[in-house]
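Have a look at the structure below before the remarks.
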Amino acid sequence: MNTKYIFITGGVVSSLGKGIIAASLAKLLQARGLKVTIQKFDPYLNIDPGTLNPYEHGECYVTEDGAETDLDLGHYERFLGVHTSKANNVTTGKIYNTVITKEREGAYLGKTVQIVPHITDEIKRRMLLLGNSGKYEVILTEIGGTVGDMESQPFVEAVRQLQWELPEEDCMSIHLTLVPYLKAAKELKTKPTQHSVQMLQQCGVQPDVIICRTEHELSGDVRRKIALFCNVQPGHVIQSIDAWSIYQVPLNMHEEHLDELVVRKLHIDNYNRPELGNWCRFLDRLKSPEKEVDIALVGKYVALQDAYKSILEAFIHAGAACNCRVNIHSILSEDITEDNAPEILKGMKGILVAPGFGERGLEGKVHAIKYARVAGIPFLGICLGMQMAVVEFARDVLGYKDAASAEVNPMSPHPVIDLMEDQKSTTIKGGTMRLGAYDCQIEKGSLAYNIYGSEFISERHRHRYEFNASYAEEFEKAGLKASGHNPQTGLTEIVELPSHPFFIGVQFHPEYKSTPENPHPLFIALVKAALNA
Ligand code: GLN
């Protein structure tokens, strides 16, 4: 079978959940036994989202191979349970960077370099890259942004060309739109969908399937109307009604026969019913938990849900695994002072201090950690959260009042968190952190060992600063133990307080690897500890 390509565009408004739809369809195809991956093409000019403030574009998701990517890749991994890579996220910045570098190298032999064909050729090359690897049977490509945006035009043009170049049965196009409900008229309105599809058609792309986001059931009449005006079969107008959980969407799409019509359109001989037993069991547990627990998420980007997407999802997975609803209380770290910490954090059965960068809200994190440490509240610190746990301990237990991370106070006489050696010569900000999967060896008998049930683990990273090993002995004597290290470099990956019921800080990001079918042991352990607190 040739590799099959599915292109997904969006129209009318942004934030319709294209990533969830792409992930849901991919899940259904995977559950039918097909080898599937998803890639995202983003129309912005940054090379990657690594330099973007989370308030701009949500969390930056990190892959095994160290790519800083769009948060939709997190959805892809969580739904499919397979790793994505650098090749799965392409931006306009990356495309232009390649083309301009080639132009400087003289690769275009004196030709005028243009959007068509040079930029679109590079887009097409990248769209086919994963397909050419031979590892996948179906490649879903999500085009970021909204059809009609100036930025996304070259991507839509590349889709048009590919649909023309590839055999008809090897590719298809899906368009996601919004069908708004007008309360006053008590009516679902199809006009925005009609206009959006017209815009796509003007670019030469005829969608094979239209998926309509809606708050109310689409009647047969509404479906027929959309089909008539948009030139698709009525059965190819699919409703995506608001779901109680994003993880319910694959089942909703299956009910709408999306996977069935996709395999038919792509001439894939596959009559399997999707095998979704594990997925459904996860959903059942998620839907009717027997217990609940309150956990604080302390961070500086809490006003935007998407900024800590993977952490919030990891709690959903862990909660389901523990038969428990995890109520996350997002707390702005800037609001926390030493005096008000007990009041603000009252009733919390667990505290997670989030990753982050820079000075804002940092002291609030330190106060939250002190409260967790002294009051015996289960605590998990991730990356900057772990680093601040080290700083707090140095200040309060070792008595180094001026202990700090060199990130915010390079002049501190006690830089208990220091810049990594290989970062000292780095001046460029983009893509230069310690990124991606690294090994960690865990000390037997430690809390971490207990949690993972293994001595050797691998987790993903995104940082420039590290635990300053010259203080390790002093810390250990005073009760803060470094229980996990990188076996090659000795870098401290995990710290814990054996005298505390549950206090652990990790330099890596466990949240990136948690999935519904494989919830992360650290999150499960925190939820369990919180349930016992
Ligand atoms: N800013 C810290 C560092 O670069 C922590 C990074 C993070 O939390 N991801 O080391």
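Numbers here simply count residues along the sequence, with the first being 1. Counting starts at 1 for both ligands and their atoms, following the listed order.
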> Taking the six-membered ring where the residue is Trp, are the ring centres of H317 and Y247 under 6.0 Å apart?
Replying inline: yes
Under 3.5 Å, N/O to N/O: give me all the pairs between ligand 1 and the protein, one per line with atom names and distance.
residue: ligand 1; atom: 1 (N); partner: G356; partner atom: O; Å: 3.0
residue: ligand 1; atom: 1 (N); partner: E407; partner atom: OE1; Å: 2.7
residue: ligand 1; atom: 1 (N); partner: E407; partner atom: OE2; Å: 3.1
residue: ligand 1; atom: 4 (O); partner: R464; partner atom: N; Å: 3.0
residue: ligand 1; atom: 8 (O); partner: G356; partner atom: N; Å: 2.9
residue: ligand 1; atom: 8 (O); partner: G356; partner atom: O; Å: 3.3
residue: ligand 1; atom: 8 (O); partner: L384; partner atom: N; Å: 3.0
residue: ligand 1; atom: 9 (N); partner: R462; partner atom: O; Å: 2.9
residue: ligand 1; atom: 9 (N); partner: H509; partner atom: NE2; Å: 3.3
residue: ligand 1; atom: 10 (O); partner: Q387; partner atom: NE2; Å: 3.1
residue: ligand 1; atom: 10 (O); partner: R464; partner atom: N; Å: 3.2
residue: ligand 1; atom: 10 (O); partner: Y465; partner atom: N; Å: 2.8

Check residues 341-350 and write down every donor-acceptor pair under 3.5 Å in which the side-chain atom is one partner and the other belongs to a residue at least two apart or another chain.
none

In a table with atom names and distances, give each donor-acceptor pair under 3.5 Å that connects a side chain of residues 523-533 to protein atoms at least two apart or in another chain.
residue: N532; atom: ND2; partner: K528; partner atom: O; Å: 3.3

>> Do W279 and K27 make a side-chain contact, defined as non-hydrogen atoms from C-beta onward lying under 4.5 Å apart?
In response: yes
> Below 6.0 angstrom between ring centroids: does that apply to H520 and Y452?
Replying inline: yes
>> Using the side-chain hydrogen bond (donor to acceptor under 3.5 Å, both in side chains) criterion, which residues pair with E493? Sequence neighbours excluded.
In response: R434, H461
